Amino acid sequence: MIELSNIEKHYDLGEMQVKALDGVSLTINRGDFVAVMGPSGSGKSTLMNIVGLLDSSTGGVYKLEGYEIHDLADKEQARIRNQHFGFIFQSFNLFPELNALENVMLPMSYAGISATERKGRAEELLEQVGLNHRLYHYPTMLSGGEQQRVAIARALSNRPDLIIADEPTGNLPSDKGKEIMDTLINLNREGVTIMMVTHNDDQGAQARKQVHIRDGKIVETREGAAL
Ligand SMILES: Nc1ncnc2c1ncn2[C@@H]1O[C@H](COP(=O)(O)OP(=O)(O)OP(=O)(O)O)[C@@H](O)[C@H]1O
Ligand SMILES: [Mg+2]
């Protein structure tokens, strides 16, 4: 599904060059659950952003379903992002002026889905993450774990093939983190591909594949326990 060959992300800061990614090669197959691990500053978010088409590499080749991303127009990349990828971030990134339901409905409006269908599907998704009693709550009225569950529902709104999660449990107490992890594991069982950054070894061990990054390079890849 995704094939990265020798991906580089270099920043030129005058005298200094930062190699945020320095030759990363990685294959992500359909149905994979990949945990990306490594110290702060090692390039994990940079890698996630490039895979998610939120950022572009400065070298190497990124192929998605056999197509070279480099050759695709920005508009086409935006379409792929909206229709095939779902994002979950450490800081939830919900719109504060929208309630839970509206937050989940938003990506569907970009995809041109009718208002009735958007609402029905958003309700279903929020129910799926256990928040059917919080549809009209605004983010500030929700706990951290609840906000992250809204973010997961939102990430699922356009039925993504791939979920890109950058430390989705980083801001949560461990019991809430476990709930989020269980949700991701269930989604993976239903066939959604997951790529997740985590600092938590127990979570990493639950992924099918663990990729360890250091100084912009993959230093170890391990196939973990079956889910
Ligand atoms: N716009 C930028 N300009 C220059 N350097 C950058 C830029 N963005 C990121 N970097 C550098 O690239 C490196 C990788 O950053 P990245 O955010 O990918 O790390 P990370 O592994 O996600 O760390 P953390 O665990 O703290 O989130 C860091 O050293 C960072 O300072
Ligand atoms: Mg990061």
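We count ligands from 1, going down the list as the structure has it; atoms in each ligand are counted the same way. Note that this is a predicted model, so its numbers are computed, not measured.
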Enter the distance from [X]:[atom1] to [Y]:[atom2] here, rounded to the nearest 0.5 Å.
X	Y	atom1	atom2	answer
Lys44	Leu21	NZ	CG	11.0 Å
Ser114	Lys119	OG	NZ	12.0 Å
Gln128	Asn186	CD	CG	9.0 Å
Asp55	Lys9	CG	NZ	3.5 Å
Thr221	His212	OG1	NE2	8.5 Å

Practice task
Using distance alone, determine whether Gly38 and ligand 1 share an N or O pair under 3.5 Å.
Solution key: no
Handout entry: Aromatic plane relationship, Phe87 with Phe85 - under 30° parallel, 30 to 60° tilted, over 60° perpendicular
Key =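 Geometry flag for Phe87 against Phe85: perpendicular rings.
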I'd like to know if [X] contacts ligand 1, where contact means a heavy-atom distance under 4.0 Å to any ligand atom.
X	answer
His199	yes
Pro39	yes
Ser42	yes

Looking only at heavy atoms, which two atoms of [X] and [Y] are closest? And how far apart?
X	Y	answer
Asn188	Gly31	ND2-O, 3.2 Å
Leu13	Val18	CD1-CG2, 3.8 Å
Asn6	Gly23	OD1-CA, 3.2 Å
Asp161	Met1	CB-CE, 3.7 Å

Problem - Proximity winner for atom 15 (O) of ligand 1, if only heavy atoms of Leu13, Leu47, Thr46 are counted - result: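 Minimum heavy-atom distance to atom 15 (O) of ligand 1 goes to Thr46.
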Handout entry: Residue pair Phe92, Leu172: steps toward the side-chain contact (heavy atoms from CB on, under 4.5 Å) verdict
Key = CA-CA 11 Å; Phe92 323 137; Leu172 299 174; 4.0 Å; yes
What residue and atom, counting heavy atoms only, is the protein's closest point to [atom], and at what distance?
atom	result
atom 10 (N) of ligand 1	Tyr11 CE1, 3.7 Å
atom 17 (O) of ligand 1	Ser45 CB, 3.7 Å
atom 25 (O) of ligand 1	Lys44 NZ, 2.7 Å
atom 11 (C) of ligand 1	Val18 CG1, 3.9 Å
atom 26 (O) of ligand 1	Ser40 OG, 2.6 Å
atom 28 (C) of ligand 1	Gly41 O, 3.6 Å

Practice task
Any pair with a residue in residues 125-139 that passes salt bridge (charged side-chain N to carboxylate O under 4.0 Å, His left out), sequence neighbours left out, goes on the list, sorted by first then second residue, please.
Solution key: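 Salt bridge (charged side-chain N to carboxylate O under 4.0 Å, His left out) check on residues 125-139 returns Arg134-Glu146.
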Handout entry: Any protein heavy atom < 4.0 Å from atom 13 (C) of ligand 1
Key = yes
Exercise for the section: Establish whether atom 23 (O) of ligand 1 and some protein heavy atom are separated by less than 4.0 angstrom. Expected result: yes
Practice task
For the Mg ion (ligand 2), check which protein N, O or S atoms are under 2.8 Å away and list them.
Solution key: Ser45 OG
